[in-house]
Amino acid sequence: MGALVFDNSYARLPEAFFARVAPAAPRAPELVVFNAALARSLGLDPASLSDAQAAAWFSGAEPPPGAEPISQAYAGHQFGGFTMLGDGRASLLGEVVAPDGRRFDIQLKGSGRTPFSRGGDGKAALGPMLREFLVSEAMHALGIATTRSLAVVTTGEGVARERVLPGAVLTRVAASHLRVGTFQYAAALRDRAALVALVDHAIGRHAPEAARADNPALALFDRVMAAQIALVAEWMRVGFIHGVMNTDNMAISGETIDYGPCAFLDDYHPLAVFSSIDEHGRYAFANQPRIAAWNLARFVESLLPLIADDAETAVALAQTRIDAFEPRFRARWIAMMRGKLGLLTQDAEDGALADDLLVWMADQGADYTNTFRALADGEAQGGVFETPAARAWLARWTARRAREGRAGEQAATMRAHNPLVVPRNHLVEAALRAASEEGDLTPFNRLLGALARPYDVREGLDPFRAPPRPEERVHATFCGT
Ligand code: AMP
Ligand code: MG
């Protein structure tokens, strides 16, 4: 173990897919957080790396040996409207092949202007970069597919937002940064060879078995759809609201990507929205499956020329896939809820049992995380559990579990599917405020520590489990710019 081993396959795609641009060299880079465990899994020995060297590598001041910085081109539907985009403030250093053979993109976010910056300054502020670090690592610990965070480095420069804020660069590690929007971009080029090159690249990275399928493009799509169904069901398991599920923020790897205005449910409501820019609730909690299906329809549209030579045939094949989304998601969601409810077998009424639980939880404004964990821990009494609707539901659930008669396994299943701690919005905000405004990373590191083992019962978790007091509640989250 020692250094990062780069092999930059995306940079070998046709030139239209990227711009070769070096990251900006910040004035006084300083390492703020470093993920030593992740570094090790990439083959980088943290002990062999000084803080100053890490700050230089992961700020853009001096890209690591083997890096070949580029900014990626992509398009996207943002809140339903189509735009040509691209990395306006990110630099893909390249792909690292880890000791276990897996390939990861290493990307700097907040690394300066690029040909895709449009009106933006290419920069990022410390608070939003720490937010992505914290929430992505929490998602990973929750067992949910996500991009990871290797480092946050402050730049020593201010970034002008509503106020001047400390600037920072985040190093993001991802299975890839291929987005639905990357394929929309390729389709918009109207260059069949470019689309073929991108699809081959994507198949090589994420769906090698699709290369041998009768219809490789459709096989790639099937794989991506399955990954998105699994991902969104997992988001719903932990009460995660992505907040900005634009097609450029949906990775075909099935990893959660782009932690901008994301949030976690405190009290359950299906239409919960936190993002300050989501005026119409397009990306509300319970709307996420529908939006995933909508984004996948944009993905399959981009692939149409490769699905069949005849346009009508291609559309018909694509449509069968999109039509299958809803029933497949529902089946996956019910399976996920069985985990939360400790149901080990399948019963035709399980979907209704889960639906009815959520109805009374919404009526009661029941805390999503704590209500499920109380069910898991046999503490479903008092408070929200005392209404007639809740009691009637508890009686049904108890009878359902009794029919299985495997109480020990049921309880273990529930404890594995219902976290004790999630990154509650008010705690995240408080930790970022302390870091960004007072330079105090203590609350950030404490929260990061609690979130590293979200299912383990241990001392000292109470402050991380309490729902916000009314004055602590976060009502809106803001885009990570
Ligand atoms: P996001 O909402 O973070 O997914 O970003 C949407 C688009 O805006 C992407 O093309 C970003 O690269 C671009 N963008 C976001 N912030 C900035 C910035 N400060 N400067 C330039 N481009 C940006
Ligand atoms: Mg984005």
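In each ligand, atom 1 is the first atom listed, and ligand 1 is the first ligand listed. Position 1 is the first residue of the sequence, and the numbers go up from there.
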Under 4.0 Å from any heavy atom of [X], which atoms of ligand 1 are there?
{"X": "Gly120", "result": "20 (N), 21 (C)"}
{"X": "Arg161", "result": "19 (N)"}
{"X": "Arg118", "result": "7 (C), 8 (O), 10 (O), 13 (C)"}
{"X": "Lys123", "result": "19 (N)"}
{"X": "Gly122", "result": "18 (C), 19 (N), 20 (N), 21 (C)"}
{"X": "Asn249", "result": "4 (O)"}
{"X": "Gln78", "result": "6 (C)"}

Assess Gly260 for proximity to ligand 1: is some non-hydrogen atom of it under 4.0 Å away? no
Would you please determine whether Arg113 falls within less than 4.0 Å of ligand 1 on a heavy-atom basis? no
Can you tell whether the side chains of Arg20 and Glu68 come within less than 4.0 Å, N to carboxylate O? yes
So, using side-chain contact (heavy atoms from CB on, under 4.5 Å) as the criterion, who are the partners of Val196 when residues are at least two apart? Arg192, Asp200, Leu306
Charged tip of Arg237 within 45° of Trp333 ring normal and under 6.0 Å: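 Checked: cation-pi criterion not met.
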Say whether, by atom type as modelled, one donor and one acceptor occur between the side chain of Asn246 and the main chain of Asn249 under 3.5 angstrom.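 Pair absent, no side-chain N/O of Asn246 close to backbone of Asn249.
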Say whether, by atom type as modelled, one donor and one acceptor occur between the side chain of Arg27 and the main chain of Gly156 under 3.5 angstrom.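 Here the side-chain-to-backbone pair exists.
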Give yes if a backbone or side-chain nitrogen or oxygen of Asp121 is under 3.5 Å from a nitrogen or oxygen of ligand 1, and no if not. yes
If I apply the N/O under 3.5 Å rule, does Gly86 come out as touching ligand 1? yes
Less than 3.5 Å apart, which donor and acceptor atoms pair up between the side chains of residues 260-273 and the rest of the protein, not counting sequence neighbours?
from   : atom 1 : to     : atom 2 : distance (Å)
Asp266 : OD1    : Arg424 : NH1    : 2.8
Asp267 : OD1    : Arg473 : NH1    : 3.0
Asp267 : OD1    : Arg473 : NH2    : 3.1
His269 : ND1    : Leu271 : N      : 3.0

Ignoring waters, protein N/O/S atoms under 2.8 Å from the Mg ion (ligand 2) are Asn249 OD1, Asp258 OD2
Got a sec: does the CD of Glu471 have more than 12 other heavy atoms crowding it under 6.0 Å?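 More than 12 heavy atoms, drawn from other residues, nucleotides or ligands, come within 6.0 Å of this atom.
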Ignoring hydrogens, just give me the one of Glu132, Met84, Arg89, Lys109 whose non-hydrogen atom is nearest atom 14 (N) of ligand 1.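 Residue with the shortest heavy-atom distance to the ligand atom: Arg89.
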Which of these, Gly88, Ala73, Gly76, has its nearest heavy atom closest to atom 11 (C) of ligand 1? Gly88
Among Leu231, Ile144, Thr256, whose side-chain contact (heavy atoms from CB on, under 4.5 Å) with Phe240 holds? Thr256
Partner of Phe34 under side-chain contact (heavy atoms from CB on, under 4.5 Å), chosen from Leu150, Val152, Asp51, Val153: Leu150
So which bit of Tyr74 gets within less than 4.0 Å of ligand 1, heavy atoms only: side chain, backbone, both or neither? side chain
Under 3.5 Å, which donor-acceptor pairs do the side chains of residues 69-86 form with other protein atoms, sequence neighbours left out?
from  : atom 1 : to     : atom 2 : distance (Å)
Ser71 : OG     : Ala90  : O      : 2.8
Tyr74 : OH     : Gly86  : O      : 3.4
His77 : ND1    : Gln184 : NE2    : 2.8

Under a plain distance cut-off of 3.5 Å, with no hydrogens placed, do His426 and Arg469 share a side-chain donor-acceptor pair? no
Does the ring centre of Tyr283 sit less than 6.0 Å away from the ring centre of His242? no
When you look at Met139 and Glu234, which way does the side-chain contact (heavy atoms from CB on, under 4.5 Å) test go after all the steps? CA-CA 10 Å; Met139 291 288 269; Glu234 281 288 275; over 6 Å; no
